[in-house]
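For reference, the structure discussed in these notes is given below.
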Amino acid sequence: MSQKLSNAQIAWRAAQDIADGAYVNLGIGFPEMVAKFQPPGRQAIFHTENGVLNFGEAPPAGEEDWDLINAGKKAITLKPGAAFFHHADSFGMVRGGHLDVAILGTYEVAENGDLANWSTGPKGVPAVGGAMDLVHGAKRVAVITDHVTKDGKPKLVKRCTLPLTGVGCVTRVYSSLAVIDIEGGRFVLREKLPSMSVEELQAVTGAELVLPDMIGDLIAPEV
Amino acid sequence: MSQKLSNAQIAWRAAQDIADGAYVNLGIGFPEMVAKFQPPGRQAIFHTENGVLNFGEAPPAGEEDWDLINAGKKAITLKPGAAFFHHADSFGMVRGGHLDVAILGTYEVAENGDLANWSTGPKGVPAVGGAMDLVHGAKRVAVITDHVTKDGKPKLVKRCTLPLTGVGCVTRVYSSLAVIDIEGGRFVLREKLPSMSVEELQAVTGAELVLPDMIGDLIAPEV
Amino acid sequence: MDKTVPDLAAAVAGIEDGMVLMVGGFGGSGAPIELIHALIDRFKATGSPKNLTVVNNNAGNGRIGIAAMIDAGMVAKIVCSFPRSADPRAFTEKYLAGEIGLELVPQGTLAERIRAGGAGIPAFYTPASFGTDVAKGKPVAEFDGKSYVQERWLKADAALIKAEMADTMGNLTYRKAARNFSPLMAAAAKLTIVQATNIVAPGEIDPEQVVTPGIFVNRVVEVAGAKQEEALMRDGVAYA
Amino acid sequence: MDKTVPDLAAAVAGIEDGMVLMVGGFGGSGAPIELIHALIDRFKATGSPKNLTVVNNNAGNGRIGIAAMIDAGMVAKIVCSFPRSADPRAFTEKYLAGEIGLELVPQGTLAERIRAGGAGIPAFYTPASFGTDVAKGKPVAEFDGKSYVQERWLKADAALIKAEMADTMGNLTYRKAARNFSPLMAAAAKLTIVQATNIVAPGEIDPEQVVTPGIFVNRVVEVAGAKQEEALMRDGVAYA
């Protein structure tokens, strides 16, 4: 297992599943990278919690307008057809099931769909932001993540050990090694790196992988 | 008891208690008349349930804009400093305690503050509109009413017999004969027609009048 | 990402028997008359949609709009706060004959239930109707010493909405007090269908002036010379 | 009906010890820096207000705004969703020392609780935080087979709000994404204090473009050259 997808490649793979015209929220940090890899001919509409729909890339340095930021407090620009709204309306969109996809980072994700991505434990200052809302309501909640921690421990687990962000909310995991759906409380393997055997993948996954008849090759370009 | 205030005079009396700058909702029909009698130098801001603040009088016939109406579906005009908003925001203003005064008509009002103004019984088509919301939230909920029904029966009663609009919500009654506060579950007489004795007033009132030391004269100009 | 459809018939496609249909407007202000009449046209031609539950503040006026839907026999039930109007015959006659259902909801509760439906709030508490016949059978609870009624969200299969300006992505503005229930209904329906006086390109509506963001809108059809209910009433129009 | 006040000191009068204070803004976007600093000035001169509970999405950044209030010792507790920022030292140090309280609220729940406070909804149900540590001790209920957490409204004694345009009656617009929590807070506070870039006469704001109607606003003060938090950060300003 010398090979794995880079973060950019994971983001690229997640972007391939976003349909033209989809309304999408990308979590702060790593998930924001997904926006870069929209396939040609498709236009997703990005939502940010602080009240903007249809924002675009960061402006050039020095041209920031600090009243025009995303949930990560980074300066953004608008695309034609954008809209502003207040925070209650913004989270109405989230909870109300109006987003097609939310893509989040994670510390752990469990085979029952539980997500733990907001706290690594009781020390330090806790901060939850919009994650606990985002995991509810979006038609599809996906996570993008390295398959294992820096110490090599599985991030895809039987049950989360860290404080939960949401219960039974994740439907798909894009990892550095595989694409896995969560169905009926199980990890169902959809794609894996071609260089890797199912046994090798199982060995670094914390819960049993269900193996359908068809398992695709997870192939991402150099990005 | 040959004498009583006209509807216009009742409306005039109610208007005297509306402070400059007050935010006010006037119920459909008779209460709308209160707007005509704002004392000189005072400007109330009128709210209508269908999403307008600071509307003014009806436009001349033939100049109506039917997208600019009040809750009674009558054409209105705007004053400078008006605002439009949707129905949930409009009733947020109502329930949220942002209106200073709501003035409603009534079938019955009880000494415990209960109001019955939406239904005269199970026959016909029931219709409630915004009354059940308006009786909650306004800092002061007042009713304007004839003191008795057309048959001479008291409209100010010990307990309502008709279906309630709201429980314990009314704080002041402007009638054709008196001004009465509701305090501690009792009718407290504040003003009465000078031509009428307390005994005569009590005789046409369905619950006991509490008599404070000072009872004012209810005097309204010819309007 | 172009939500425009070519005509009214295409706009109202997919509204089927038994659906819950929200209809924007308060009286004639904001009433999407042309969309409603297109739906009646379909019913006359095909016998569908029928058995609809219609959510609106009122229950129709005269012989046009929602009243014409009732006259035509398309409506099984009305959810509204005030089933009266200048000419409420269409509803009144069927109601008194037991041929149409009525769920009477206080106006602010109706607005908030629809807002809750769009915002993913399954239930909330309101002081409105506590202690009245309208609250019978509903859960009550006390908060800070005051009593409240629990109300549930209200969602729809489809909504018919009249906007002033729309861009092709479905961002909307409304004209004056015509917005009333429409922004709430647009969010609470699975299929939100909009007739707009004027359709423009994305970017032509100032993002700060969008009232209903396009995320809540599925289809937009331009109806330039939209009729006002009151004008049709004075002309004595009967549609059903 | 003129809600304008002559200066910042007059604007923040009446905010007293122990009050719950909502502060608009999301990070620096919409942060009413000048109102906050006027409140700090009063505290430095008089020792009051202190023991404040501050409601904001964040818990301050650098040594200005809310962070400077914390540094000055005015804040007993923060209610927020995300007490982190580019430079969160002011809060972090006091929090880890046990000198400041924290009520952590999911961001959408925070927005909805404030909205409920302004709209007279004492409690509502949300899916957010169900099954997590944040929901511990809160009532839960099931609707249509799904579990939800009951949340209570959030109100304030006062709110500090930054607007773009205000008329003298208190009707407001906001600049771009700077509106965020502000329209909600303006409605949820007893005393809503606004700094506006530009104050105009009634009628100069199109009634369709008013975001916060004046009914929610008590005082308006003009602050023409308002500072942006990010610009002050880059200049290394420390206010407390």
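Side chains included, hydrogens not; waters and symmetry mates left out as well; all remaining heavy atoms used.
Considering NZ of K176(C) and CH2 of W66(B), their distance stands at 13.0 Å, rounded to 0.5 Å. The distance from the CE atom of M132(B) to the OG1 atom of T109(C) is 9.0 Å, given to the nearest 0.5 Å. H86(B) contributes atom NE2, which lies 11.0 Å from atom CG of N180(C) (distance to the nearest 0.5 angstrom). The structure places CH2 of W118(B) at 5.5 Å from CG of L104(C), a figure rounded to the nearest 0.5 Å. Atom CZ of R95(B) and atom OH of Y125(C) lie 15.0 Å apart (nearest 0.5 Å).
Residues of residues 32-62 of chain B that come closer than 4.5 Å to chain C, counting heavy atoms only, are E49(B), N50(B), V52(B), ordered by residue number. Within residues 11-28 of chain B, no residue approaches chain C closer than 4.5 Å by heavy atoms.
Heavy atoms of R115(C) lying under 4.5 Å from chain B belong exclusively to its side chain. If you measure heavy-atom distances from A82(B) to chain C, you find no contacts under 4.5 Å at all. When heavy atoms are compared at a cutoff of 4.5 Å, V105(C) approaches chain B solely by way of its backbone atoms N, CA, C and O. Using a 4.5 Å cut-off between heavy atoms, H136(B) touches chain C through its side chain atoms alone. Only the backbone of T165(B) comes within contact range of chain C, with at least one heavy atom under 4.5 Å from a heavy atom of that chain. Using a 4.5 Å cut-off between heavy atoms, N70(B) contacts chain C through its backbone alone, with no side-chain atom that close.
Put simply, of I76(B), D65(B), L68(B), L134(B), the one with the most heavy-atom pairs under 4.5 Å next to chain C is D65(B). Comparing F130(C), Y174(C), Y95(C) by how many heavy-atom pairs each has under 4.5 Å with chain B, the most go to Y95(C). Between chain B and the residues R113(C), Q228(C), K146(C), E112(C), the largest count of heavy-atom pairs under 4.5 Å involves Q228(C). With chain B as partner, the option from I114(C), V134(C), N57(C) having the largest number of non-hydrogen pairs under 4.5 angstrom is V134(C). Counting heavy-atom pairs closer than 4.5 Å to chain B, the top residue among A135(C), P106(C), G131(C) is P106(C). Interface remark: of the candidates V135(B), V167(B), V125(B), D89(B), V125(B) forms the most heavy-atom pairs closer than 4.5 Å to chain C. Your options are A111(C), P127(C), G28(C), and the one with the most heavy-atom pairs under 4.5 Å with chain B is P127(C). The candidate with the highest count of non-hydrogen atom pairs below 4.5 Å against chain C, out of D67(B), D133(B), L164(B), is D67(B). When each of A178(C), A231(C), P83(C), G27(C) is scored by its heavy-atom pairs under 4.5 Å with chain B, the top score falls to P83(C).
Within the 4.5 Å cutoff, the side chain of Q107(C) has heavy atoms near those of the F91(B) side chain. Residues R179(C) and H87(B) form no side-chain contact, since every pair of their non-hydrogen atoms from C-beta on lies 4.5 Å or further apart.
Taking both residues in full, the closest heavy atoms of L102(C) and P126(B) are given as CD2-CG, 3.8 Å, listed atom of the first, atom of the second, then distance. Summarising the geometry of F82(C) relative to A127(B), their closest heavy-atom pair is CD1-CB, 3.6 Å, with the distance given to 0.1 Å.
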>> Determine whether K73(B) and E230(C) satisfy the following criterion, salt bridge (Lys or Arg N to Asp or Glu O under 4.0 Å), listing intermediate values before the conclusion.
In response: CA-CA 10 Å; K73(B) 318 263 165 41; E230(C) 288 74 7; over 6 Å; no
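Within 6.0 Å of NZ in K79(B) there are more than 12 heavy atoms belonging to other residues, nucleotides or ligands. Within a 6.0 Å sphere centred on NZ of K153(B), heavy atoms belonging to other residues, nucleotides or ligands number 12 at most.
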